[in-house]
There are 2 protein chains.
Amino acid sequence: MNNERPYAEALSRLRTASLRPTRQRLALCKLLFDAGDRHVTAEALHSEALAADVRVSLATIYNTLHQFTEAGLLREVVVESGKTYFDTNTSDHHHFYVEDECRLVDIDGGQVKVQGLPDAPAGAEISRVDVVVRVRSAGD
Amino acid sequence: MNNERPYAEALSRLRTASLRPTRQRLALCKLLFDAGDRHVTAEALHSEALAADVRVSLATIYNTLHQFTEAGLLREVVVESGKTYFDTNTSDHHHFYVEDECRLVDIDGGQVKVQGLPDAPAGAEISRVDVVVRVRSAGD
DNA sequence: AAATATCTTAGAACCATTCTAAGATATTGA
DNA sequence: TCAATATCTTAGAATGGTTCTAAGATATTT
Ligand SMILES: [Mn+2]
Ligand SMILES: [Mn+2]
Ligand SMILES: [Zn+2]
Ligand SMILES: [Zn+2]
């Protein structure tokens with residue numbers, strides 16, 4: 001879609017985030033958001049960028065992912081120590097985590113209800129409720 | 001309790017796990033399990049051991065925590081990238097995570113019901129459902 | 001007690017992530 | 001249109017939690 005102005009959407013995303021439309025950010029926007037919902041690690045996105053002939057350093061990948069997260073364009077998901085996933089789906093939802101493939105699968109937030117949670121500890125307020133359903137593939 | 005045979009409980013735990021009752025493991029058992037439910041990092045347990053005059057290397061702390069986890073005496077909880085918590089509460093339960101204090105608080109599993117989860121992806125089976133309620137302390 | 005199996009450890013290695021600071025690029029506004 | 005200024009990118013070093021290595025120590029078995 002929108003083949004005539006391929007960067008129009010990326011541009012408007014960057015404007016929303018008050019980030020200058022650099023070559024690197026525009027390219028990363030397209031990689032991240034043109035392909036539906038994704039859960040990527042910094043390393044994976046870096047490889048993908050290099051494979052697509054987008055020259056960008058790993059430092060910039062990290063900078064960009066964090067800037068996008070602060071701007072609400074991405075969400076961080078932690079399911080395993082030492083690996084951070086960035087999620088292009090920022091709506092309220094949960095995850096299956098396929099342990100032996102290190103892969104996340106979205107669970108629509110609309111269906112899921114978490115009932116019976118006690119009040120937050122004194123003086124604390126809830127910022128997010130994350131449900132992670134760990135699953136093992138049959139082949140092990 | 002059981003002041004006359006202070007290592008009896010630790011010994012039986014190690015037997016259950018088929019681990020030799022070394023000085024280090026016995027001491028770590030006591031530190032971990034004599035004080036009710038705890039969520040410790042390797043570094044924190046190491047400091048605690050040194051403070052209690054238990055000479056033990058960080059490598060042994062990691063070895064022991066993983067062996068105890070494999071034996072079902074501990075459970076790993078991941079809430080933040082780059083930090084692993086070991087939980088002495090191995091019953092079915094969930095967690096508040098107080099983000100600005102990096103502290104975990106148990107939520108009894110009996111009260112909480114997660115409803116509306118879809119089937120696991122084809123060929124996968126659920127190994128665990130983790131609910132993490134992220135909270136912020138009021139003072140920020 | 002000797003033989004064997006297992007354990008502990010210091011230090012190096014590892015790996016994801018962050019930092020640094022110098023050169024590049026984008027924006028502003030004269 | 002073109003400085004002047006603000007922001008961005010980057011290579012390489014640093015960081016911090018964790019794992020590995022391999023050699024000496026300890027526990028168990030015979
Ligand atoms: Mn982050
Ligand atoms: Mn582990
Ligand atoms: Zn998601
Ligand atoms: Zn717990």
Side-chain angles (χ1 to χ4, degrees), chain A residues 7 10-29 31 39-50 52-71 73-74 76-87 102 104, chain B residues 7 10-29 31 39-50 52-71 73-74 76-87 102 104:
Chain A
Y7 287 95
L11 255 173
S12 103
R13 258 185 238 274
L14 292 177
R15 271 200 212 100
T16 299
S18 305
L19 293 169
R20 292 182 174 176
T22 64
R23 181 175 54 76
Q24 292 87 344
R25 285 177 181 151
L26 287 166
L28 294 177
C29 259
L31 288 175
H39 307 92
V40 293
T41 62
E43 284 286 359
L45 183 60
H46 190 218
S47 300
E48 208 176 305
L50 298 187
D53 265 309
V54 174
R55 243 115 79 233
V56 58
S57 70
L58 188 55
T60 295
I61 299 278
Y62 276 105
N63 289 340
T64 303
L65 288 172
H66 285 131
Q67 289 154 353
F68 285 10
T69 301
E70 264 173 59
L73 300 175
L74 292 175
E76 275 187 55
V77 180
V78 177
V79 286
E80 200 177 273
S81 181
K83 199 179 269 179
T84 302
Y85 290 88
F86 292 87
D87 192 344
C102 297
L104 286 164
Chain B
Y7 286 97
L11 255 173
S12 104
R13 257 183 238 276
L14 293 176
R15 271 197 211 102
T16 298
S18 305
L19 293 169
R20 292 180 175 180
T22 64
R23 181 175 54 75
Q24 291 87 345
R25 285 178 182 150
L26 286 166
L28 294 177
C29 260
L31 289 175
H39 306 92
V40 293
T41 61
E43 284 286 358
L45 183 60
H46 190 217
S47 301
E48 207 176 305
L50 298 187
D53 265 309
V54 174
R55 244 116 79 234
V56 58
S57 70
L58 188 55
T60 295
I61 298 279
Y62 276 105
N63 289 341
T64 303
L65 288 172
H66 285 132
Q67 289 153 354
F68 285 10
T69 301
E70 264 172 61
L73 301 175
L74 293 173
E76 276 188 55
V77 180
V78 177
V79 286
E80 200 177 271
S81 181
K83 199 180 269 180
T84 302
Y85 291 87
F86 292 86
D87 191 344
C102 298
L104 286 164

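In what follows, every chain begins at residue 1, and chains take the letters A, B, ... in the order their sequences are listed. These numbers come from a predicted model, not from an experiment.
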> May I have the distance from A:Gln67 (atom CD) to C:dT17 (atom C1'), rounded to whole angstrom?
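These atoms are roughly 15 Å apart.
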> Here's a test of your reading of the structure: between A:Thr60 and A:Ser81, which maps to the more 5' nucleotide of DNA chain D?
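Taking each residue's closest nucleotide, the earlier one in sequence belongs to A:Thr60.
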> Which heavy atom of B:Ile61 sits nearest to which heavy atom of B:Ala42, and what is that distance?
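Closest pair (atom of B:Ile61, atom of B:Ala42, distance): CG2-O, 3.6 Å.
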> Where the side chain of A:Tyr62 is defined as all heavy atoms beyond and including C-beta, which of D:dG17, C:dT17, D:dT9 is the nearest nucleotide?
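It is C:dT17.
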> Give the rounded distance in Å between these two atoms: CD1 of A:Ile61 and C1' of C:dT18.
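The distance from CD1 of A:Ile61 to C1' of C:dT18 comes to 15 Å, rounded to the nearest Å.
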> Can you tell me how far C1' of C:dA16 sits from NE2 of A:His66, to the nearest Å?
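Value for this atom pair: 11 Å.
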> Can you identify which nucleotide, out of D:dT18, C:dT8, C:dA26, has its nearest atom closest to the B:Leu58 side chain?
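Among the listed nucleotides, the one closest to the side chain of B:Leu58 is D:dT18.
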> Without swapping roles, check the side chain of B:Arg23 against the backbone of B:Arg55 for a donor-acceptor pair under 3.5 Å.
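Yes; judged by distance alone, with no hydrogens or angles, the pair exists.
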> Between C:dT25 atom P and A:Leu26 atom CG, what is the distance in whole Å?
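Going from CG in A:Leu26 over to P in C:dT25 covers 15 Å.
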> Nearest to the side chain of A:Pro21, which nucleotide is it out of C:dT9, D:dT18, C:dA26?
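Output: C:dA26.
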> With the side chain counted from C-beta on, respond yes when B:Val78 and A:Val79 share a heavy-atom pair under 4.5 Å apart, and no when they do not.
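Answer no - side chains too far apart.
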> Mapping B:Lys83 and A:Thr22 onto DNA chain D by nearest heavy atom, which one lands closer to the 5' end?
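Mapping each residue to its closest nucleotide by heavy atoms, the 5'-most match is A:Thr22.
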> What is the distance, rounded to the nearest whole Å, between atom CD of B:Gln24 and atom P of D:dA25?
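Distance, rounded to whole Å: 13 Å.
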> Are any side-chain N or O atoms of A:His46 and backbone N or O atoms of A:Val56, one a donor and one an acceptor, separated by less than 3.5 Å?
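Yes; judged by distance alone, with no hydrogens or angles, the pair exists.
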> Give the nucleotide from the list C:dC7, D:dT18, D:dT9 with an atom nearest to the side chain of A:Asn63.
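Comparing C:dC7, D:dT18, D:dT9 against the side chain of A:Asn63, the answer is D:dT9.
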> Given C:dT17, D:dT19, D:dT10, which nucleotide is nearest the side-chain atoms of A:Thr84?
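From the listed options, C:dT17 comes nearest.
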> Relative to the 5' end of DNA chain C, which residue comes earlier, B:Ala59 or B:Arg20, by the nucleotide with the nearest heavy atom?
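The residue whose closest nucleotide sits nearer the 5' end is B:Arg20.
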> In whole angstrom, what separates A:Leu28's CG from D:dC8's C1'?
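It works out to 13 Å between those atoms.
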> Counting side-chain heavy atoms from C-beta on, which of D:dT10, D:dT18, C:dT17 comes nearest to B:Ala42?
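Selected nucleotide (nearest to the side chain): D:dT18.
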> Given atom CZ of A:Arg25 and atom C1' of C:dA26, what is their separation to the nearest angstrom?
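Checked: the CZ to C1' distance equals 10 Å.
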> Tell me, do A:Glu76 and A:Phe86 make a side-chain contact under 4.5 Å, heavy atoms counted?
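In contact.
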> Rounding to an integer number of Å, can you tell me how far A:Arg55 CZ sits from D:dA11 C1'?
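From A:Arg55 CZ to D:dA11 C1': 15 Å.
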